[in-house]
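Counting convention: from 1, in listed order, for ligands and their atoms alike. Every value quoted in this text rests on a predicted model; they were computed, and no experiment measured them.
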Amino acid sequence: MKKKVLGVLLAATMAVGMLAGCGGGSEEPAADAPAEEATEAPAAEEEAAPADDSAAAGDTITIGFAQVGHESDWRTASTKSCQDVFSADNGYDLSFVDCDNDSAAQLEAVRNFIQQDVDYIIIDPIVSTGWDTVLTECEDAGIPVIVIDRTIDDSDKYAAWVGSNFKTEGLAAGEWLKAYAEKKGISEINALVISGTTGASAQIGRSEGFQEIADREGWNILDEQTGDFTEDGGQAVMESYCKSYAGKFNVVVCQNDNEAFGAMTAMDNAGVTYGLDGDVILISFDACTAGLEKVKARQFSADFECNPLAAPFVEEVIQTLQSGGTPEKEVYMEEHWFALPDAIVDFSIDGAAQTMTEVTDDVIAAQY
Ligand code: GYE
């Protein structure tokens, strides 16, 4: 019953989402996702079928989830989403492993799940390569793998992926910056980038997207160093940037909110002003609750969302597999771009006009 209602709701919100674009952190596919994927997945009818589905027969579905770690607010929300959806009450037995950003530990976790002979394995790949061997082992063991969030780029031996379009996020940040700088009469961009975990598809996509616009516009990217998606990492990199590039930069791009919190501390300590009323334009990604609070406080100039609430879509994939169906191979989450009215500007991505969302107390309260 619960699943049927959820499915119908998701199908309805997706149809609306495709037309409306922005809505504030809803579980919808990206506006740029192929329409086929958006309308077909998840399929409410398929999951409603009683069939010989083991959950319907009262059997618990066992799942192993190899999570990246606990490095950020985004990660906390992602973990909670999975634990809420794959709960005992919902008919699941979830083995959760926090891999603490260690790729070797993540491969070991997956191999342990194979040993345990779980029904499904969920992987959020810390880095995008090095997966084919262990995915072949999963395939040989007959255990379907669902990839969540970050992508696997050197193997296609998984049933489905549910996540965000990271390159689009980077392009959005770049196109927004172009439009905002024009509005403010800023003609020269000297940017410092604090990137995420090197080799993570979230890092690769955001870097590529932003770089593409920087190259097109002839911006100066002074440096790009990793803050590993953590607050401490962001602070350490920004401290060194404040020394090496004192007085030479007017844009800081942090690839997640937590890095941006750390960068704020470093800039405060160095006497650098930032945000809507400061000298430095501060751009962030994720747009979790605490990030949006910084937008509201005029400290982040804009925040580019990555929606961590993918677990209901993963459940749809699992229910489709349970009933013998074939899930969509790629399911995209919808992204929203957040700012205050002073920084809401018109921009397009590859010709598609974007709508920005104004950060209000209600928007913050609805976020994760
Ligand atoms: O942006 C960051 C987290 O993979 C999209 O990982 C995710 C990223 C997210 O640590 O906060």
Side-chain angles (χ1 to χ4, degrees), residues 25 27 29-30 65-82 98-103 105-106 122-129 131 146-153 161-173 193-210 224 226-235 237 253-264 282-295 300 302-311 313-314 330-338 367-368:
E27 293 151 2
F65 176 23
Q67 173 64 294
V68 169
H70 52 274
E71 70 283 358
S72 63
D73 288 20
W74 190 99
R75 191 63 52 201
T76 304
S78 159
T79 294
K80 184 172 183 309
S81 170
C82 282
D98 175 335
C99 300
D100 201 15
N101 216 28
D102 177 342
S103 292
Q106 192 165 42
I122 302 173
I123 301 172
D124 190 328
I126 296 168
V127 292
S128 62
T129 54
W131 286 101
I146 298 117
V147 182
I148 188 172
D149 170 33
R150 301 180 186 175
T151 54
I152 282 176
D153 298 335
W161 164 83
V162 182
S164 300
N165 191 328
F166 305 115
K167 181 163 182 199
T168 298
E169 294 170 5
L171 289 170
V193 178
I194 302 180
S195 55
T197 300
T198 306
S201 69
Q203 174 273 312
I204 296 168
R206 288 170 190 166
S207 292
E208 275 180 8
F210 188 77
E224 173 161 345
T226 182
D228 240 345
F229 284 131
T230 65
E231 181 163 351
D232 285 354
Q235 183 174 339
V237 172
V253 181
C254 296
Q255 287 186 351
N256 81 345
D257 287 341
N258 296 82
E259 290 181 339
F261 303 151
M264 283 171 55
L282 179 57
I283 296 173
S284 183
F285 293 88
D286 279 0
C288 291
T289 306
L292 292 188
E293 282 167 352
K294 303 299 184 202
V295 176
F300 287 5
D303 206 348
F304 296 83
E305 185 186 32
C306 186
N307 187 339
L309 308 183
F313 292 91
V314 175
E330 295 182 345
V331 179
Y332 285 87
M333 306 294 288
E334 185 173 343
E335 321 284 6
H336 302 94
W337 324 131
F338 293 99
Q367 202 70 338
Y368 23 77

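For ligand 1 and Ser72, the ligand atoms under 4.0 Å from any heavy atom of the residue are 2 (C), 3 (C), 10 (O), 11 (O). Numbered from 1 in the order shown, with element, the atoms of ligand 1 that lie under 4.0 Å from a heavy atom of Cys306 read 5 (C). Distances below 4.0 Å separate heavy atoms of Arg206 from the following atoms of ligand 1: 1 (O), 5 (C). Of all the atoms in ligand 1, the ones that sit under 4.0 Å from a non-hydrogen atom of Phe166 are 5 (C).
For atom 10 (O) of ligand 1, the closest non-hydrogen atom on the protein side is Glu71 OE2, 2.4 Å.
Using modelled atom types, one finds no donor on one side chain facing an acceptor on the other under 3.5 Å when comparing Thr226 with Gln203. Using a 3.5 Å distance cut-off with no hydrogens or angles, the side chains of Asp228 and Thr230 do not pair a donor with an acceptor.
For Trp161 and Tyr332, the gap between ring centers is short of 6.0 Å.
Salt-bridge annotation for Asp98 and Arg75: absent, with no side-chain N of the basic residue lying under 4.0 Å from a carboxylate O of the acidic one.
Between Thr76 and His70, the closest side-chain pair of non-hydrogen atoms is not below 4.5 Å. A 4.5 Å side-chain heavy-atom check between Glu305 and Ser164 finds every atom pair outside the cut-off.
Checking side-chain atoms of Glu224 against main-chain N and O of Ser195 turns up no donor-acceptor pair under 3.5 Å.
When non-hydrogen atoms are compared, ligand 1 lies under 4.0 Å from neither the backbone nor the side chain of Met333.
Using a 4.0 Å heavy-atom cutoff, Glu169 is absent from the residues neighbouring ligand 1.
With Asn101, Asp149, Asp286, Asp257 as candidates, the residue nearest to atom 7 (C) of ligand 1 on a non-hydrogen basis is Asp149.
Between Trp74 and ligand 1, no N or O atom pair is found at a separation short of 3.5 Å.
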